[in-house]
Amino acid sequence: MKFGERSAMASKLYEDASSALAGVLFDGMTIAAGGFGICGIPETLIAAIRDAGVKDLTIVSNNCGIDDYGLGQLLTTRQIRKMVSSYVGENKEFERQYLAGELEIEFNPQGTLAERMRAGGAGIPAFYTRTAVGTNVAEGKEVREFDGERYVMERGIVADLSIVKALKGDPYGNLVYRKTARNFNPMVATCGKVTVAEVEQIVGAGELDPDCIHTPGIFVQRFILATQNEKRIERLTLRKEEPA
Amino acid sequence: MPWTRDEMAARAARELKDGDYANLGIGIPTLVANYIAPGIDVTLQSENGMLGLGPFPTENEVDADLINAGKQTITELDRTSYFSSADSFGMIRGGHIDLSVLGAMEVAENGDLANWMVPGKMIKGPGGAMDLVAGVKKIIVVMEHNSKDGGAKFRKACTLPLTGANVVDMIITELAVFRRPDRHAPFELIELAPGVDAGQIRERTEAAYTERLAAGA
């Protein structure tokens with residue numbers, strides 16, 4: 001085989017979500033999920049994880065969906081033991097389970113959460129940030145002074161599985177996201193021991209501009225064509241049309 | 001007469017300078033965008049990965065992949081760029097954003113800010129607030145002068161868990177504006193809402209501050 005030719009072994013495209021997740025799910029695992037609110041969430045893979053019934057999950061995700069949509073579905077089925085998030089305000093079932101002591105939450109400042117996943121994916125075990133110095137988020141963490149400023153040490157995150165949503169993917173797993181649906185997806189893609197992507201469109205080799213690929217295929221082990229692209233809107237906000 | 005929410009937002013908008021990059025929080029801070037003066041070109045940043053926020057969409061323009069940090073639908077401009085959350089907070093934490101306007105539950109006279117949790121109540125989380133106050137060059141708080149039970153929100157010390165220590169540069173309430181020249185200096189009372197006098201502010205404020213009102217105010 002010539003260099004650059006694609007071997008059968010390299011095929012990352014799976015038939016559907018359950019086959020793409022086969023062998024990578026186990027109870028008690030940590031899953032990192034892309035998305036901000038319910039924008040850019042891997043809907044198809046979340047549904048497949050729900051159907052697989054895997055439990056005691058630690059989910060690393062900025063938010064936890066809404067009651068019956070996105071990661072909120074995994075709360076309904078009691079599959080989540082712990083959330084690592086920056087903001088979880090949009091979910092009544094979350095509140096109920098949290099106040100009942102059934103669900104653990106580790107709050108991270110949003111930038112710290114993004115950086116923890118970026119660091120984890122880049123082989124950086126820890127970093128220092130000024131964010132949260134002097135707050136209860138910094139309690140129990142090392143604080144160190146650099147150039148007269150205090151910084152708190154935060155740890156990188158490596159997940160057992162990462163799930164992301166992209167607009168386009170090519171056979172090599174190169175991904176392109178769309179608008180603000182990008183959000184956490186690129187960092188999430190890097191921090192998984194295994195990363196599974198769902199894409200709205202599969203394109204042929206060479207169809208993505210190599211200069212404009214957001215997630216290079218090395219970070220993506222498996223991908224599928226997304227079959228759930230409901231893309232609900234959390235807060236539809238309109239301006240009045242100007243009179244013509 | 002106290003300032004309205006829109007007047008408070010308009011006052012905050014006067015702090016924007018031509019060429020500024022700014023991040024606006026949820027609530028009254030969002031309204032600031034409506035009052036940017038003509039001739040002042042400001043680029044708005046949103047934590048979820050967008051620089052150059054446009055207005056809310058018309059029904060035909062709605063795009064589920066295009067939202068602001070408040071999860072509201074939004075539009076893009078000819079200057080817009082999109083990026084990851086890590087790049088977004090690189091801008092914020094790296095000191096590249098000039099100004100942020102946010103709400104508060106309490107501000108202390110030393111500039112401490114509390115706006116993310118009330119112990120014993122359901123906690124939604126800090127979102128990007130801790131990153132913004134730690135990294136943005138100038139932090140303006142827009143808040144009610146007193147809480148619903150009448151307690152002072154501008155206090156000697158915060159009673160609620162902090163969002164950031166010594167991070168606030170300016171406070172705009174419905175009654176008054178406080179500012180300090182730098183983060184080692186005490187706050188100064190610089191403006192009063194129409195019909196409000198300095199004595200009323202002293203009564204309704206727990207924090208120590210100096211008075212630097214323009215003559216005739």
Side-chain angles (χ1 to χ4, degrees), chain A residues 34 36-40 62-63 85-90 94-95 98-99 105 107-115 117-119 129-137 150 167 177-188 214-215 229-242, chain B residues 30 46-50 55-76 80 82-93 95 112-114 116-117 119 121-135 161-167:
Chain A
F36 179 92
I38 51 174
C39 179
N62 190 54
N63 315 91
S85 303
S86 91
Y87 193 83
V88 293
E90 320 298 347
F94 189 103
E95 184 168 343
Y98 174 71
L99 294 175
I105 168 100
F107 281 120
N108 282 210
Q110 196 176 141
T112 294
L113 184 64
E115 190 66 13
M117 289 192 271
R118 196 195 72 80
T129 177
R130 215 160 43 204
T131 297
V133 169
T135 76
N136 58 12
V137 167
R150 288 187 307 149
L167 174 66
Y177 308 97
R178 184 168 178 275
K179 301 185 189 283
T180 56
R182 188 183 320 186
N183 55 63
F184 281 84
N185 283 295
M187 285 77 63
V188 169
H214 299 138
T215 291
N229 300 294
E230 187 184 338
K231 296 196 188 184
R232 273 193 219 174
I233 292 173
E234 208 163 333
R235 297 225 167 92
L236 178 67
T237 310
L238 301 172
R239 74 170 190 274
K240 293 229 165 60
E241 304 234 21
E242 290 88 10
Chain B
T30 305
S46 192
E47 298 96 285
N48 54 322
M50 181 179 187
F56 296 125
T58 62
E59 220 156 309
N60 293 331
E61 292 170 334
V62 168
D63 184 337
D65 289 338
L66 186 40
I67 62 169
N68 64 17
K71 287 132 188 173
Q72 294 170 303
T73 44
I74 203 88
T75 57
E76 65 186 22
T80 296
Y82 300 108
F83 34 81
S84 72
S85 300
D87 285 342
S88 179
F89 283 93
M91 295 172 193
I92 291 166
R93 292 147 69 114
D112 289 357
L113 168 70
W116 81 281
M117 70 175 281
K121 290 202 176 165
M122 177 63 198
I123 303 158
K124 293 183 170 186
M130 287 189 181
D131 307 282
L132 285 162
V133 300
L162 297 187
T163 306
N166 188 12
V167 294

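Only heavy atoms go into these numbers, but all of them, side chains included; no hydrogens, no water, no symmetry mates. Each chain gets a letter, A, B and so on, in the order its sequence line appears, and its residues count up from 1.
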Checklist entry - Is it the backbone or the side chain of B:Ala114 that comes under 4.5 Å from a heavy atom of chain A, or both, or neither? => result neither
Checklist outcome for this item: Honestly, the part of B:Asn68 sitting under 4.5 Å from a heavy atom of chain A is backbone
Checklist entry - Hey, which of A:Cys39, A:Gly37, A:Gly134 has the most heavy atom pairs under 4.5 Å with chain B? => result A:Cys39
Next on the checklist: Using a 4.5 angstrom heavy-atom cutoff, name the option from A:Ala114, A:Ser85, A:Gly111 with the most pairs to chain B.
Outcome noted: A:Gly111
Checklist outcome for this item: Scored by heavy-atom pairs under 4.5 Å with chain B, the best of A:Pro186, A:Gly40, A:Pro109 is A:Pro109
Checklist entry - Which atoms form the tightest heavy-atom contact between B:Met130 and A:Val137, and what is the distance? => result CE-CG2, 3.6 Å
Checklist entry - Based on non-hydrogen pairs under 4.5 Å, which of B:Ala134, B:Gly125, B:Ala86, B:Ser85 is most in contact with chain A? => result B:Ser85
Checklist entry - Which one of B:Thr80, B:Val133, B:Asn48 has the most heavy-atom pairs closer than 4.5 Å to chain A? => result B:Asn48
Next on the checklist: As a quick check of understanding, evaluate side chain to side chain donor-acceptor pair (under 3.5 Å) for B:Arg93 and A:Thr112, giving each step before the final call.
Outcome noted: CA-CA 10 Å; B:Arg93 292 147 69 114; A:Thr112 294; 3.1 Å; yes
Next on the checklist: If I take atom CE from residue A:Met187 and atom CZ from residue B:Phe89, how far apart are they, to the nearest 0.5 angstrom?
Outcome noted: 9.5 Å
Checklist entry - Between B:Ser46 and chain A, which part of the residue has a heavy atom less than 4.5 Å away: side chain, backbone, both or neither? => result neither
Item to check | Spacing of B:Asp63 atom CG and A:Arg178 atom CZ [to the nearest 0.5 Å] | outcome: 4.0 Å
Checklist entry - Quick one: what part of B:Ile92 sits under 4.5 Å from any heavy atom of chain A, side chain, backbone, both or neither? => result neither
Checklist entry - Among B:Glu61, B:Met50, B:Met122, B:Glu47, which residue forms the greatest number of heavy-atom pairs with chain A at distances under 4.5 Å? => result B:Met122
Item to check | Approximate separation, where rounding is to 0.5 Å, of B:Thr73 OG1 and A:Arg235 CZ | outcome: 11.0 Å
Next on the checklist: Looking at every heavy atom in both A:Arg182 and B:Ser84, which two are closest together, and how far apart are they?
Outcome noted: CD-N, 3.9 Å
Checklist entry - chain A: which of B:Gly70, B:Pro126, B:Gly49 shares the most heavy-atom pairs with it under 4.5 Å? => result B:Pro126
Checklist entry - Contact part of A:Ile233 toward chain B, heavy-atom cut-off under 4.5 Å: side chain, backbone, both or neither? => result side chain
Next on the checklist: Quick check on A:Val133 against chain B: is it the side chain, the backbone, both or neither that has a heavy atom closer than 4.5 Å?
Outcome noted: backbone
Checklist outcome for this item: Greatest number of non-hydrogen atom pairs under 4.5 angstrom with chain A, of B:Ala69, B:Gly127, B:Pro55, B:Gly164, falls to B:Gly127
Next on the checklist: With a 4.5 angstrom heavy-atom cut-off, is it the side chain or the backbone of A:Arg130 that approaches chain B, or both, or neither?
Outcome noted: both
Item to check | Smallest separation among heavy atoms of A:Thr180 and B:Asp65, with atom names | outcome: OG1-O, 2.7 Å
Checklist entry - Relative to chain B, which segment of A:Asn108 carries a heavy atom at a distance below 4.5 Å: side chain, backbone, both, or neither? => result backbone
Checklist entry - Between atom CG of B:Asp131 and atom CG of A:Leu113, what is the distance when rounded to the nearest 0.5 Å? => result 9.5 Å
Checklist outcome for this item: Honestly, the part of A:Glu95 sitting under 4.5 Å from a heavy atom of chain B is both
Checklist entry - Can A:Phe107 and B:Trp116 be said to form a side chain to side chain contact (heavy atoms under 4.5 Å, CB included), step by step? => result CA-CA 11 Å; A:Phe107 281 120; B:Trp116 81 281; 4.1 Å; yes
Checklist entry - Roughly how far, to the nearest 0.5 Å, is the OG atom of B:Ser88 from the CD atom of A:Gln110? => result 7.5 Å
Item to check | Intermediate values then yes/no, side chain to side chain contact (heavy atoms under 4.5 Å, CB included), A:Thr237 and B:Lys71 | outcome: CA-CA 9 Å; A:Thr237 310; B:Lys71 287 132 188 173; over 6 Å; no
Checklist entry - For B:Ile123, is it the side chain, the backbone, both or neither that has a heavy atom under 4.5 Å from a heavy atom of chain A? => result both
Checklist entry - Relative to chain B, which segment of A:Tyr98 carries a heavy atom at a distance below 4.5 Å: side chain, backbone, both, or neither? => result side chain
